[in-house]
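Below is one structure; the comments refer to it alone.
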Amino acid sequence: MTASIVGWAHTPFGKFDTETVESLVTRVANEAMADAGISASDVDEIVLGHFNAGFSAQDFTASLVLQADPKLRFKPATRVENACATGSAAVHQGLRAIAAGAARIVLVVGVEQMTRTPGPEIGKNLLKASYLPEDGDTVGGFAGVFGKIASSYFQKYGDQSDALALIAAKNHKNGVANPFAQMRKDFGFDFCRAESEKNPYVAGPLKRTDCSLVSDGAAALVLADAETAKGMGKSIGFRATAHAQDFLPMSKRDILQFEGCTIAWQRALEQAGVTLSDLSFVETHDCFTVAELIEYEAMGLTPKGQGARAIKEGWTLKDGKLPINPSGGLKSKGHPIGATGVSMHVMTAMQLAGQAPEGMQLKNAKLGGIFNMGGAAVANYVSVLEPLK
């Protein structure tokens with residue numbers, strides 16, 4: 001590939017009453033530039049990932065990044081959006097600017113502030129990432145959409161409650177070591193498996209521990225072309241990227257297949273010249289535990305309908321043959337929509353640079369995979385990263 005990650009920044013994810021979209025954006029923008037060792041004057045282009053959909057009264061947010069430093073004034077700045085894959089859309093847009101020769105250095109920022117929105121409005125906003133003519137009246141919002149998917153999966157392949165609880169417990173345990181994670185608590189399998197007052201059913205067979213968190217937060221990356229990256233302190237290269245967009249209505253596809261996920265992984269692995277077994281770890285989009293379960297199958301880790309094997313046999317644990325979500329994933333880390341894809345790239349870059357927090361760092365991580373998904377397997381982005389220096 002033609003570009004590398006040469007700097008990054010990441011706020012903790014959580015509920016922040018004193019922060020705004022602007023303060024989150026400017027904070028990570030400045031921290032990422034400082035981490036890369038560059039000045040704002042070195043930046044050629046800015047890409048902001050911000051879903052919004054009503055979460056923030058302030059729309060038209062690309063220029064908020066300029067508030068980080070007066071030297072960013074008059075730089076090209078664009079906001080991109082592709083539902084929950086907005087962050088990866090921003091990263092891939094930055095890569096295209098470099099590949100086209102339009103920029104040497106691109107600043108990519110992802111942000112969302114969700115927690116100031118009343119609960120019913122949160123559900124309404126998130127449903128905008130579904131096909132409203134079919135799903136607009138779904139009870140439970142987007143959790144209800146994935147509750148339907150989980151119910152269909154259970155009907156076809158049997159009750160998977162144990163597998164979902166194991167996935168939730170794994171990701172919560174991993175998140176304990178991630179200082180950026182919103183929920184750093186090891187709940188254990190028994191708590192995640194049992195319905196209780198603190199873990200009620202939310203939609204279909206999905207309980208509270210099966211659902212990612214409503215979050216505020218931001219993350220940022222500095223991308224540089226290959227020649228520029230040679231002179232930087234660190235360089236995490238893109239071995240491959242792929243993006244596969246599918247139909248928005250679930251009625252037009254077999255929703256249990258996550259076919260766009262499969263296509264994106266196949267394209268990226270082919271481009272990288274590797275197989276899934278060559279990866280050291282994967283950060284995947286566990287907006288709901290059933291999504292991670294189906295993604296095991298879609299990425300080719302198990303045959304269709306057998307995703308539970310991967311978690312029950314320990315393949316995806318931190319010490320398994322393919323660790324999945326060593327950061328804690330969206331389940332533990334949180335899911336501020338526009339920031340998530342950028343966050344996944346930051347977490348992966350940290351691992352490959354050997355700079356992940358103690359307890360989260362994997363041994364000898366050489367190749368990292370990322371899968372970021374928008375909607376119900378509609379926007380599908382895969383990146384394969386490797387350390388270059």
Side-chain angles (χ1 to χ4, degrees), residues 1-13 27-38 42-43 87-88 90-92 94-95 98 104-110 174-181 217-241 268 272 274 278-284 318-319 322-329 332-333 339-372 381-389:
M1 295 291 288
T2 57
S4 295
I5 298 170
V6 297
W8 54 74
H10 200 297
T11 70
F13 286 175
R27 174 179 166 184
V28 292
N30 277 316
E31 290 178 358
M33 289 187 290
D35 186 59
I38 64 167
D42 296 318
V43 174
S88 287
V91 173
H92 285 214
L95 292 171
I98 291 173
R104 291 183 313 109
I105 294 177
V106 177
L107 174 62
V108 178
V109 180
N174 289 351
V176 171
N178 185 353
F180 303 104
L221 296 171
V222 176
L223 303 176
D225 65 17
E227 190 61 32
T228 302
K230 290 178 182 178
M232 310 298 275
K234 56 192 174 188
S235 176
I236 306 299
F238 284 81
R239 183 80 171 259
T241 58
V274 299
D278 293 317
L279 301 181
S280 304
F281 66 98
V282 168
E283 288 286 339
T284 203
K318 208 181 287 187
D319 59 354
L322 184 62
I324 302 284
N325 289 333
S327 71
S332 173
K333 179 160 57 76
T340 287
V342 182
S343 167
M344 297 170 95
H345 283 80
V346 171
M347 293 291 135
T348 301
M350 290 171 64
Q351 286 282 2
L352 296 171
Q355 296 180 11
E358 184 179 357
M360 183 177 138
Q361 180 69 55
L362 300 172
K363 293 181 180 178
N364 303 316
K366 301 298 183 186
L367 207 58
I370 298 162
F371 173 68
N372 185 199
Y381 290 82
V382 172
S383 298
V384 179
L385 305 184
E386 62 182 346
L388 300 180
K389 63 182 297 186

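As a basis for the values below, the full set of heavy atoms in this structure was taken, side chains included, without hydrogen atoms, waters or symmetry mates.
The minimum heavy-atom distance linking Ala349 with Leu385 is given by the pair N-CD1, 4.4 Å. Heavy atoms only, all atoms of each residue included: Pro387 and Leu352 are closest at CB-O, 3.5 Å. Across all non-hydrogen atoms, the minimal contact from Val342 to Val109 is CG2-C, 4.2 Å. Shown here for Ala177 and Gly359, the closest heavy-atom pair between the two residues is CB-C, 3.6 Å. The two residues Ser332 and Ala181 make their nearest non-hydrogen contact at O-CB, 3.8 Å. Scanning all heavy atoms of the two residues, the minimum distance from Ala220 to Ala29 falls at CB-N, 4.4 Å.
Inter-residue side-chain proximity for Pro326 and Gln361 is flagged as unmet; no heavy-atom pair is nearer than 4.5 Å. Between Val106 and Val222, the closest side-chain pair of non-hydrogen atoms is not below 4.5 Å. Residues Thr2 and Phe238 form no side-chain contact, since every pair of their non-hydrogen atoms from C-beta on lies 4.5 Å or further apart. Taking 4.5 Å as the limit, every side-chain heavy atom of Tyr381 sits out of range of all side-chain heavy atoms of Thr241. For the pair Ile38/Met232, a side-chain contact is recorded, criterion being any heavy-atom separation below 4.5 Å from C-beta on. At a threshold of 4.5 Å between non-hydrogen side-chain atoms, the residues Met347 and Lys333 count as touching. Side-chain contact between Phe180 and Ser343 is absent, with no heavy-atom pair separated by less than 4.5 Å. No side-chain heavy atom of Leu362 sits less than 4.5 Å from a side-chain heavy atom of Ser280.
Applying the salt bridge (charged side-chain N to carboxylate O under 4.0 Å, His left out) rule to Glu358 yields no partners; only residues at least two apart in sequence or on another chain are considered. Under the side-chain hydrogen bond (donor to acceptor under 3.5 Å, both in side chains) criterion, Asp278 pairs with Thr275, not counting sequence neighbours.
No donor-acceptor pair under 3.5 Å is formed between the side chain of Arg239 and the backbone N or O of Val384. Remark: side-chain polar atoms of Lys389 are paired, donor with acceptor, to backbone N or O of Lys230 under 3.5 angstrom. The backbone N or O of Ser327 sits nowhere less than 3.5 Å from a side-chain atom of Asn174 that would complete a donor-acceptor pair.
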Between Trp8 and Val28, is the side-chain contact (heavy atoms from CB on, under 4.5 Å) condition met? List the steps. CA-CA 8 Å; Trp8 54 74; Val28 292; over 6 Å; no
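Note that CG of Asp319 is 10.0 Å distant from NZ of Lys363, once rounded to the nearest 0.5 Å. Atoms OG1 and CD1, from Thr348 and Ile5 in turn, are 8.0 Å apart once rounded to the nearest 0.5 Å. One distance of note links CZ of Arg104 with OG1 of Thr228; it measures 4.5 Å at 0.5 Å rounding. Atom NZ of residue Lys234 and atom CD of residue Gln355 lie 4.5 Å apart, to the nearest 0.5 angstrom. Between the CG atom in Leu367 and the CD atom in Gln351 there is a gap of 13.0 Å [rounded to 0.5 Å]. With rounding to the nearest 0.5 Å, the separation of CG in Leu279 from CD1 in Ile324 is 8.5 Å.
Taking the six-membered ring where tryptophan is involved, the planes of His92 and His345 are perpendicular, since the angle between them exceeds 60° and thus also 30°.
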